[in-house]
Every structure is written in C-alpha cells, then in structure tokens.
Amino acid sequence: MKKTVSLALGSGGARGYAHIGAIEEIVKRGYKIEAVSGSSMGALVGGLYASGKLDEYKEWVLTLDFLDVIKLLDISFAPSGLIKGDKVFEKLESIIGDTLIEELHIPYTAVATELLTQKEVWFQKGKLIDAIRASIAIPTFFTPHKVDKRVYVDGGIVNPLPIAPIMSHISDITIAINLNSNKPSVKNIEISVKEKKETEEAKNFFQQLLKNAEAKFSQSNKTEEEINYLSIISRSIDTMQNILTNYKIAGYRPDILIEIPKDCAMFYEFHRAKELIRLGQKLAKEALDEYES
C-alpha cells in the first residue's frame with residue numbers, strides 16, 4: 001500500500017519551480033499526496049497539482065527564456081506594485097479554468113495575507129485562480145489582489161511555509177519543502193551558457209526596474225522613506241521569510257523536510273525552470289533516501 005502524504009509548499013518566487021521536481025520525485029517513489037497547502041509559489045504549484053494541471057504548467061514554463069518572461073510582465077510604476085501580472089494570470093487561468101477549490105481531488109489550502117488587518121488567511125473554498133493570485137502577490141512587485149472587497153498580498157509575509165493547514169489531515173507522513181534554506185547551493189547542477197547569460201540579463205533588468213521606479217517616486221511628493229521602500233523591501237524578503245520559516249518548522253516539525261537553498265536563485269529568475277526543477281528533484285531524492293534508510 002502506498003504511503004500517504006500531506007504536503008506543505010513554501011514561498012520563494014522562482015525557486016518555487018523546485019516544488020515541481022520535488023513533487024515528481026515524491027510521486028515517483030510511490031507516495032500518494034492526499035492534502036497540500038502552499039504560500040505564494042507554493043500555492044501556485046500546489047493548486048496546479050491538486051487540479052491535475054501541473055504537467056501542462058511545467059511544459060509551458062520550460063519553454064520560457066528571459067525575453068519570454070519580460071514579455072509577460074505588464075510593467076506598472078504604481079505605488080502598489082511594479083507588475084500587474086495580468087498576462088501571467090491570463091495564461092494561468094487558461095490552464096486552470098474556473099475550477100473551484102471544493103472541486104479539487106485533494107484538500108487544498110492557499111495562504112495569503114489580508115493587507116489591512118495583517119492577518120493570515122486560508123483559502124479553502126472559492127475560485128482556485130483567486131486563491132492563487134491572492135497568495136502570490138509579492139509586495140512591491142505584483143499588485144495586491146481583491147477578493148470579496150478585501151485586499152490580499154503574498155502569503156509568505158505571514159507564513160512562508162504553511163505546515164499548520166495540513167496537520168489536521170490524516171496521512172502517514174508530512175513533507176514540507178522550504179525554499180528559504182541557509183544550506184549551501186548545490187554545485188553540480190548543470191547550467192548552460194545560455195542560462196548563465198540570461199540570469200545576468202534578468203539581474204540587470206530588475207535592478208534597472210527598481211532604479212526607474214525610485215526615480216519616478218523621487219520626482220513626486222513622496223517622502224524619503226517611501227522613495228527607498230522598493231529597494232529596501234526587495235532585499236529584505238528573503239531574510240524575513242527565512243526567520244519566519246524557521247519559526248514555523250519549530251512549531252510544526254514535518255516528518256521530512258526538503259530544503260532548497262535560498263541562494264540558488266533570486267525570486268525573479270523565472271527563466272530558470274529547467275535548472276530549478278532538476279534541483280528540486282535532486283534534493284527531494286536525497287531527503288527521501290535519508291528518510292527511507
């Protein structure tokens with residue numbers, strides 16, 4: 001009989017591609033995932049898996065190079081966020097459709113942050129695409145998302161590794177995938193010359209994007225604190241999520257913890273799907289080998 005799994009998927013931007021490889025390894029080993037929760041990219045990948053659409057999404061992201069990613073970004077220098085995300089979510093909606101969370105074949109929870117109350121919110125019913133979009137609204141980069149007149153931003157702000165939502169589900173083991181680990185990066189993952197070049201291009205592009213946004217704000221009546229807000233918050237996200245993740249793991253210790261180094265990719269490097277999926281597979285294999293032995 002297959003061992004059943006409750007799975008928690010952490011936030012971490014583009015590093016979330018590693019969730020895909022990890023899930024593939026878990027399923028390949030004969031485990032049966034019976035409940036899934038996620039924050040931000042974890043909510044996206046978890047929702048796609050629960051809806052049976054993860055393979056279709058994987059096929060799409062594997063085709064994306066740096067220029068494709070740039071074309072998907074509808075840049076907006078509004079104070080609420082640099083990127084509207086409409087083009088990305090139009091594509092996601094074409095994959096997911098009007099699926100309701102209640103219709104999924106396994107229990108699913110997306111964690112988001114309600115902006116005004118600063119509270120953690122669990123989406124466990126309603127439209128799947130709304131739950132994902134609410135959970136994935138990275139502050140300053142993606143604009144917040146409204147659901148039923150409430151404004152939501154990235155779930156990783158309050159809970160970057162949502163283990164608690166899966167604890168009530170009866171399963172043989174719990175597995176959590178942390179995208180903000182302090183572990184050293186894996187050095188033997190093959191990276192092509194093209195991938196290295198595009199990674200440098202992505203870094204330069206987003207650095208320039210932040211500079212342009214700051215220049216725009218500095219010409220208005222914004223305060224000095226607001227002018228520096230974008231660059232400060234972007235550099236602080238990983239640190240904040242690492243601290244919160246360690247706290248969540250201490251409170252809800254999973255049976256298996258798969259740790260993805262936070263320095264393996266910046267959160268905006270969405271052109272690196274192939275490399276990061278391979279990394280997720282490799283690190284999941286190592287963690288499962290250790291558990292099974």
Side-chain angles (χ1 to χ4, degrees), residues 6-20 22-23 35-51 80-81 83 85 88-89 92 96 101 104 106-148 150-169 174-181 233-234 236-249 251-252 254 258 260 262 267-268 270:
S6 293
L7 180 65
L9 304 175
S11 64
R15 294 191 296 276
Y17 285 146
H19 288 321
I20 301 173
I23 288 173
V36 62
S37 64
S39 275
S40 198
M41 271 295 282
L44 170 59
V45 174
L48 287 160
Y49 176 78
S51 62
S80 59
I83 300 164
V88 175
F89 281 98
L92 289 174
I96 294 171
I101 295 174
L104 299 175
I106 60 173
Y108 166 80
T109 303
V111 175
T113 305
E114 207 281 306
L115 190 59
L116 296 180
T117 64
Q118 302 175 2
K119 289 182 178 179
E120 177 178 337
V121 176
W122 294 3
F123 283 84
Q124 296 177 319
K125 61 181 180 178
K127 294 183 76 171
L128 177 59
I129 191 68
D130 275 336
I132 292 171
R133 188 159 190 172
S135 182
I136 209 168
I138 302 170
T140 76
F141 286 90
F142 284 113
T143 52
H145 186 57
K146 284 186 178 180
V147 181
D148 297 330
R150 294 187 177 184
V151 180
Y152 296 95
V153 292
D154 196 295
I157 293 176
V158 290
N159 194 346
L161 188 57
I163 303 172
I166 61 170
M167 296 304 288
S168 62
H169 296 283
T174 57
I175 299 178
I177 305 177
N178 172 23
L179 301 181
N180 298 288
S181 171
I233 198 66
S234 66
S236 302
I237 286 173
D238 282 350
T239 301
M240 173 193 72
Q241 291 193 340
N242 182 48
I243 293 169
L244 284 173
T245 297
N246 290 335
Y247 172 76
K248 296 298 181 182
I249 292 171
Y252 300 96
I258 300 170
I260 311 299
K262 68 176 185 289
F267 72 91
Y268 52 75
F270 288 97

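What you see is a predicted model; the values in this text were computed from it and never measured.
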If the condition is side chain to side chain donor-acceptor pair (under 3.5 Å), which residues does Ser168 pass it with, not counting sequence neighbours? none
If you measure from CG on Leu115 to CD1 on Ile157, what distance do you get to the nearest 0.5 Å? 7.5 Å
Tyr152: ring-ring contact (aromatic ring centres under 6.0 Å, His included) partners, not counting sequence neighbours: Phe123
So which atom in Leu161 and which in Ile177 form the shortest heavy-atom distance, rounded to 0.1 Å? CD1-O, 3.2 Å
Sorted by chain and number, sequence neighbours left out, side chain to side chain contact (heavy atoms under 4.5 Å, CB included) with Ser6 holds for Ala35, Ile166, His169, Ser171, Thr174
For the residue pair Asn159 / Ser39, report whether a side-chain donor-acceptor contact shorter than 3.5 Å exists. no
May I ask you to test the His19-Leu179 pair for a side-chain heavy-atom distance under 4.5 Å? yes
Which residues pass the side chain to side chain contact (heavy atoms under 4.5 Å, CB included) test with Ile129, sequence neighbours left out? Phe89, Leu92, Glu93, Ile96, Lys127
When you measure from the side chain of Ser37 to the backbone N and O of Pro165, does any donor-acceptor pair fall under 3.5 Å? no
Any donor-acceptor pair under 3.5 Å from Asn178 side chain to Asn180 backbone: yes
Spacing of CD1 belonging to Ile175 relative to CD1 belonging to Ile163, to within rounding of 0.5 Å: 11.5 Å
Suppose we screen for side chain to side chain donor-acceptor pair (under 3.5 Å). Which residues come up paired with Ser51, at least two apart in sequence or across chains? none
To the nearest 0.5 Å, what is the distance between CD (Glu120) and OG1 (Thr113)? 7.5 Å
Walk me through whether Tyr108 and Tyr49 qualify under side-chain contact (heavy atoms from CB on, under 4.5 Å). CA-CA 10 Å; Tyr108 166 80; Tyr49 176 78; over 6 Å; no
